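Please read these numbers as outputs of a predicted model, since none were measured by experiment. Computation of the quantities below employed the complete heavy-atom set of this structure, encompassing side-chain atoms and omitting hydrogens, waters and symmetry-equivalent molecules.
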2 protein chains.
Amino acid sequence: MSTEDSAPRKRPTINDIAAAAGVSKPTVSRVLNGHPDVSAATRHRVQEVAAELGYVPSADARALSTGRHGALGLLMPAFSWWGFNELQYGIAHEAEKRGLRLLVQALHPGDEAEREFVTRTLPTLPVDGLILLMPEGMLRYVGDLARSGRPVVVVDDRGNRPGIPYVETTNRDGVREAVAHLVGEGRRRIGFLAGQMGSAYARARFEGYLDGLREADLPYLPELVSLSEDAPVEPLPEDLDAVLDAEPDAVVAAWDEIAFAVMNAVHARGWRIPEDVAVIGFDDSPLARAVRPSLTTVHQPCREMGEAAVRMLADAIEHGTGPANASVPTRLVIRESTGPITTA
Amino acid sequence: MSTEDSAPRKRPTINDIAAAAGVSKPTVSRVLNGHPDVSAATRHRVQEVAAELGYVPSADARALSTGRHGALGLLMPAFSWWGFNELQYGIAHEAEKRGLRLLVQALHPGDEAEREFVTRTLPTLPVDGLILLMPEGMLRYVGDLARSGRPVVVVDDRGNRPGIPYVETTNRDGVREAVAHLVGEGRRRIGFLAGQMGSAYARARFEGYLDGLREADLPYLPELVSLSEDAPVEPLPEDLDAVLDAEPDAVVAAWDEIAFAVMNAVHARGWRIPEDVAVIGFDDSPLARAVRPSLTTVHQPCREMGEAAVRMLADAIEHGTGPANASVPTRLVIRESTGPITTA
DNA sequence: TTGTATGCGTTATCAG
DNA sequence: CTGATAACGCATACAA
């Protein structure tokens, strides 16, 4: 019905525009790239013709000519992470705003695969910069990454690499606020539970706990704290029990998974949440909202972290900016697992 | 310490290789692309020199020359989905195996944004094919997508578009098996709960329920079923209550969220799971494992679905294969919410 | 089996 | 302000 051909013809190039507009190729290029030194008349004509022809630039040709790919790469680990979806959306969104495409590269576990990746596939990626997501083992190679000539940003690095810029969240402050919230509800025996402490953010959150106590002039009671140096992600059941034996009226968990374990243990003892003991987590993973009672927790702004990472990377690509980390603020999300204390 | 320059020199091109190996450019190209008509001697020499120089091909140049980008695009919706991480990992993995890169493009909600996307940014994407993930509103434009000249595959299309190949899971069979499992545990009054039925997979799962009943010679009891035509994602509380009032000894939920709602309602009545009533979900979302009791559910193989999508797309790109859908098999994951019946 | 010439679509350099 | 011309790195006819 319309006048368009249904057969998808060859895409028009700047050559076609040039011919149709009666100007030269470079002039078209200048117009399309917004260069100032073009007469208003020709600029107008060229734009008109370009629109009429349905011109879309060739990313590949541009990349070849400029030496820049106009894209950045996201290296994703093999394991699933609750915040990945949001983080990537933030990255993709911010990248698009800046005219950058997003290339995703899956990382494979295992030494062999990592080495192979760094030496073989990494150099071939047509990207101007890299975002490395919680690389775990990859961290050993992060130096090589940086040396590959392209700027690198690490998101939520566990144990920051010197010289590599990273994006984190306000781990310390977030927990401090959480403690303050509990104090405001009348809690005085506030416990802290963490699993493995091998990461920078775990230590930061513990510091935030101490800050919170200090701020409220509460004493540090070792029996209310478990840092399970060598435990897996969650604290050992006996450590958890030990803390509960000390009868806290609130527990701050270093991350949500721990909070869920706490809630189960508390329920098992027949104690009520939040009447007898309040529970606060960290992350605001999807589970936090779904669990009963729903979990008050420190929201980790994954989408914003992704955006920040892209901003840093884009700056580094354009102005060769050096390492300048970013710390995206958390936000306390109050749900059902906290509330005024009821127990004597 | 080593002999390498630390200053990242200009990347070597096939020109450099040609010069160093004393052959011509095209010869190098042929060797690198595995063309047969090259003498073993030169082939060897070229490969040696290429390795020595640390040559990596330029994806951009190759794309420009061949007219193929060697990449495929994943269109991701703005909302979070529990299976996205796994799905994308499957896509990325399979794409890499086939030497394809993965471009991720975020979709923005809203009519204006969608139209803008299809007409402006979509044509510029340097990809040879597109994977469209549960596009919701985008479905209106899926025709335009296909007409853009590049093959398109839809993952988990709700209400399949004619002519557009899609990847789904065995919704019908999965539920049938779930029912069989319940029957095997002695359940006889098996209910079925769904939220909105506007999607193809919801209807398929209901059919599976009917299949299961039929297979076990169980009667279809309308009072045990709620299809809430116009409800939101979860069924209305009154519908749920109505089904429970009919005293089922098991409930199959069309997806996990519904199962969680069922579990809460069952607990609220003081009934035990699974002793009094068993519950089975569909999806195997992360919550299913975390909830107490953990949820028996039909596992939806997101990673495999991603792999299948890439296979279909790659075939379509290479051989221009027409629409040939894929159905990836589900797997029943038995956890605590089912078990032998105890109630009289 | 190998080399020459040319083209892919764009930007950059340099005259005019 | 504009237009020739070259260059980006690679692949492909075609000729040798």
Side-chain angles (χ1 to χ4, degrees), chain A residues 9-47 49-50 53-71 99 101 123-128 149 318, chain B residues 9-47 49-50 53-71 99 101 123-128 149 318:
Chain A
R9 307 193 59 74
K10 200 176 73 59
R11 275 168 47 165
T13 73
I14 55 173
N15 263 316
D16 303 324
I17 302 182
V23 295
S24 76
K25 220 179 347 178
T27 300
V28 175
S29 177
R30 285 189 273 261
V31 171
L32 263 30
N33 291 328
H35 287 205
D37 43 0
V38 185
S39 81
T42 41
R43 145 160 301 127
H44 205 72
R45 187 149 31 95
V46 167
Q47 288 175 327
V49 174
L53 261 47
Y55 168 79
V56 299
S58 157
D60 295 315
R62 189 195 304 256
L64 187 57
S65 184
T66 61
R68 294 208 355 205
H69 309 279
R101 281 172 299 282
T124 75
L125 292 184
V127 298
D128 303 314
E318 286 185 43
Chain B
R9 307 193 59 74
K10 201 174 74 57
R11 275 169 46 166
T13 73
I14 55 172
N15 263 317
D16 303 323
I17 301 182
V23 296
S24 77
K25 224 182 341 182
T27 300
V28 176
S29 177
R30 285 189 272 259
V31 171
L32 264 29
N33 291 330
H35 287 205
D37 44 1
V38 186
S39 79
T42 42
R43 146 160 299 125
H44 205 71
R45 186 147 34 93
V46 167
Q47 288 176 328
V49 173
L53 261 47
Y55 169 79
V56 299
S58 156
D60 295 316
R62 190 197 304 260
L64 187 56
S65 185
T66 61
R68 289 201 7 196
H69 308 278
R101 280 172 298 282
T124 75
L125 291 185
V127 298
D128 303 314
E318 286 183 44

Determine whether [X] and [Y] make a side-chain contact, defined as any pair of heavy atoms from C-beta on separated by less than 4.5 Å.
{"X": "B:Ser39", "Y": "B:His44", "answer": "no"}
{"X": "B:Arg11", "Y": "B:Ser58", "answer": "yes"}
{"X": "A:Leu53", "Y": "A:Val49", "answer": "yes"}

Rounded (10°) bend between the five-pair end axes of the helix from C:dT1-D:dA16 to C:dG16-D:dC1
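The angle separating the two end axes equals 40°.
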Have a look at B:Asn15 and say if it touches a base, only the backbone sugar-phosphate, or nothing, with a 4.0 Å heavy-atom cut-off.
nothing
Closest non-hydrogen atom pair between [X] and [Y], with its separation:
{"X": "B:Gly34", "Y": "B:Arg43", "value": "C-NH2, 4.1 Å"}
{"X": "B:Ala59", "Y": "B:Arg101", "value": "CB-NH2, 3.6 Å"}
{"X": "B:Asp16", "Y": "B:Thr13", "value": "OD2-N, 2.8 Å"}

The side-chain hydrogen bond (donor to acceptor under 3.5 Å, both in side chains) partners of A:Ser65 (sequence neighbours excluded) come to none
With B:Thr124, which residues qualify under side-chain hydrogen bond (donor to acceptor under 3.5 Å, both in side chains), at least two apart?
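side-chain hydrogen bond (donor to acceptor under 3.5 Å, both in side chains) check on B:Thr124 returns nothing, list empty.
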Counterpart residues, side-chain contact (heavy atoms from CB on, under 4.5 Å), relative to B:Thr66 (two or more places apart)
B:Arg62, B:Arg68
Note: contacts of residues 56-69 of chain B with DNA chain C (heavy atom, under 4.0 Å) are B:Leu64, B:Ser65
Considering only distance and modelled atom types, tabulate donor-acceptor pairs under 3.5 Å from the side chains of residues 17-32 of chain A, sequence neighbours left out.
from	atom 1	to	atom 2	distance (Å)
A:Ser24	OG	A:Thr27	OG1	3.2

For nucleotides 2-5 of chain D, list the nitrogen or oxygen atoms of the protein found under 3.5 Å from its nitrogen or oxygen atoms, one pair per line.
from	atom 1	to	atom 2	distance (Å)
D:dT2	OP1	A:Ser39	OG	3.0
D:dT2	OP1	A:Thr42	OG1	3.2
D:dT2	OP2	A:Ser39	N	2.8
D:dT2	OP2	A:Thr42	OG1	3.0
D:dG3	OP2	A:Ser24	N	3.1
D:dG3	OP2	A:Ser24	OG	3.1
D:dG3	OP2	A:Thr27	OG1	2.6
D:dG3	N7	A:Arg30	NH2	2.6
D:dG3	O6	A:Arg30	NH1	3.1

Examine distances only and state if a side-chain atom of B:Asp128 and a backbone atom of B:Gly70 form a donor-acceptor pair shorter than 3.5 Å.
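Flag set: sc B:Asp128 to bb B:Gly70 pair under 3.5 Å.
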Compare side-chain N and O positions of B:Thr13 against OP1 and OP2 of D:dG9 and report whether any pair is under 4.0 Å apart.
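No, because none of the side-chain N or O atoms of B:Thr13 sits under 4.0 Å from OP1 or OP2 of D:dG9.
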Identify the 5'-most and 3'-most nucleotides of DNA chain C with at least one atom closer than 4.0 Å to a non-hydrogen atom of chain B.
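That gives a stretch of C:dT1 to C:dG9.
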